[in-house]
Amino acid sequence: DVERSRGLGDVYKRQVWLDVLRLVAILMVIAIHCTDPFNASPESRANPEFNFWGSVYGSMLRASVPLFVMMTGFLLLPVRQEASAFYKKRIPRVLFPFLIWSVLFDLAPWFIQWIGGSPELVTDFFPWEPNPSASFVEALKTIALIPVTFTVYATPMWYIYVLIGLYLYMPVFSAWVEKASDKAKRMFLAFWFISLFIPYLTEFVSHYQFGTCSWNSFGLFYYFAGFNGYLLLGHYLGKTTFGQIGKGTANNRRSNPYFPYQQENGCRHQQCVRRTISKEQLHPLLAHVRIGCHIAVSYTHLRAHETSLHL
């Protein structure tokens, strides 16, 4: 019944609201991909109204990925394992399914046409590619590119590159997260929030800004930009919401003789105390989640704009 242990050693019962939020984010991702034909199909390109409404509905749902990253930060930051142990536990879980599905996606256009399907049928499955190749050699070339990038046939795989990168980054980032004050975290989030608007400056003000140029892509806010902000935001909101509960649990553990410890192989394991969240504790949490969703709107608009640029 226990999903994870946080902070001061306190153990939490599985959070049902988090499962509900995860389900909502999953449904949002599915709905996003249902809007792809409205953004990329030949019919939508010939009809601006299709493209417009596809972009509207797609952009309304783009907060799904930031929600996933925020939940990752809430659940895993700070990492309390050695980096090698963390990598061994987390990365294989996503790496092997990622490789299998990437290969299947890249083989699909060749296979569909090999068994007699038409190029139009391939485009129905992969609307971002209006002229799919029927060559097996071309399919092998796209597979060879998997370690470097995803292809137009495996577009959903972009997130796995990001997720593995976040896993690689988290043990390093955790050293700062664990020792930083709440004020320092808020300062980081403020700089990160500013970085969300840089693509607007790139599009409407200047292609280069804050020190970027043709030979330098790493500008002033580069080191605060990206999904690591959502990672920290999820951790920060969870900590500020559940911090007092955690302190209370830690105090109970020290004083309660019915909270025993077991010594096994040099490690200490505590039994779980089942706790419930009252309405008074839940309401601030939901407010924080709403704040996170509003911040994610910036990412939503940027993704919608990027979609329209690539049509």
Side-chain angles (χ1 to χ4, degrees), residues 3-4 18-19 21-36 39-40 58-59 61-77 79 81 83-111 122 125-129 132 138-174 192 196 199 225-235 292 296 299-300 302-304 306-307 310:
E3 178 147 310
R4 68 184 297 274
L18 197 61
D19 290 333
L21 187 61
R22 186 180 292 112
L23 174 61
V24 170
I26 290 172
L27 294 176
M28 290 170 71
V29 169
I30 295 172
I32 286 172
H33 290 288
C34 289
T35 67
D36 282 349
N39 291 323
S59 64
L61 300 165
R62 291 290 174 180
S64 55
V65 172
L67 284 175
F68 278 122
V69 179
M70 289 171 63
M71 285 186 277
T72 299
F74 173 80
L75 292 170
L76 297 182
L77 279 181
V79 174
Q81 297 175 284
S84 58
F86 180 78
Y87 295 156
K88 184 177 180 180
K89 180 179 180 181
R90 293 286 166 182
I91 293 179
R93 292 182 179 182
V94 295
L95 179 61
F96 295 119
F98 158 73
L99 292 175
I100 292 171
W101 280 106
S102 294
V103 170
L104 291 177
F105 276 132
D106 289 335
L107 287 175
W110 161 78
F111 181 75
V122 177
F125 285 101
F126 305 99
W128 296 104
E129 180 49 80
E138 289 298 321
L140 293 180
K141 288 181 180 179
T142 60
I143 291 172
L145 287 174
I146 290 174
V148 179
T149 185
F150 62 91
T151 66
V152 69
Y153 303 113
T155 301
M157 296 296 105
W158 74 269
Y159 176 65
I160 307 302
Y161 291 91
V162 174
L163 182 60
I164 293 175
L166 290 174
Y167 283 160
L168 293 173
Y169 175 70
M170 285 176 66
V172 180
F173 191 39
S174 292
W192 165 75
L196 292 175
F227 281 96
N228 60 338
Y230 291 111
L231 203 66
L232 180 62
L233 181 63
H235 159 78
Y299 172 83
T300 292
L302 295 180
R303 288 292 297 167
E306 180 182 355
T307 298
H310 285 78

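Values in this document were obtained by computation on a predicted structure and should not be read as measured data. Only this structure's heavy atoms are used, side chains among them; waters, hydrogens and symmetry mates stay out.
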State, to 0.1 Å, how close Ile32 and Leu61 come at their nearest heavy-atom pair, and which atoms those are. CD1-O, 3.2 Å
Do you know which two heavy atoms are closest between Val69 and Phe227, and how far apart they sit? CG1-O, 3.5 Å
To the nearest 0.5 Å, atom CE of Met170 lies from atom OG1 of Thr72 at 7.0 Å
Residues at least two apart in sequence or cross-chain that pass ring-ring contact (aromatic ring centres under 6.0 Å, His included) with Phe126, listed by chain then number, are Tyr153
Does anything in residues 94-106 pair up under side-chain hydrogen bond (donor to acceptor under 3.5 Å, both in side chains), and if so which pairs, sequence neighbours excluded? Asp106-Thr151
Would you give the length of the straight line joining atom CG of Leu163 to atom CD1 of Ile91, rounded to the nearest 0.5 angstrom? 9.0 Å
How far does OH of Tyr230 sit from CG of Leu67, to the nearest 0.5 angstrom? 9.5 Å
Counterpart residues, ring-ring contact (aromatic ring centres under 6.0 Å, His included), relative to Tyr169 (two or more places apart): Phe173
At their closest point, which heavy atom of Pro97 faces which heavy atom of Pro92, and how far apart are they? CD-O, 4.0 Å
Which distance, rounded to the nearest 0.5 Å, do you find between the CG of Asn228 and the CG of Leu233? 11.5 Å
Return the minimal non-hydrogen interatomic distance between Ala144 and Pro147, and the atom names on each side. O-CD, 3.3 Å
Beyond-backbone contact of Val65 with Trp158, side-chain heavy atoms, under 4.5 angstrom: yes
Where is the tightest heavy-atom contact between Leu168 and Tyr87, given as atom of each residue plus distance? O-OH, 2.6 Å
Side chains of Thr142 and Phe105: closer than 4.5 Å at any heavy-atom pair? no
Could you give the distance from CD1 (Ile164) to OH (Tyr159), rounded to the nearest 0.5 Å? 11.0 Å
Quick check for you: to the nearest 0.5 Å, what is the distance between Leu166 atom CG and Leu77 atom CG? 9.5 Å
Minimal non-hydrogen separation, Ala25 against Met71, with atom names: CB-CE, 4.3 Å
Ile146 vs Phe98, side-chain contact (heavy atoms from CB on, under 4.5 Å): CA-CA, chis, key distance, verdict: CA-CA 10 Å; Ile146 290 174; Phe98 158 73; 4.0 Å; yes
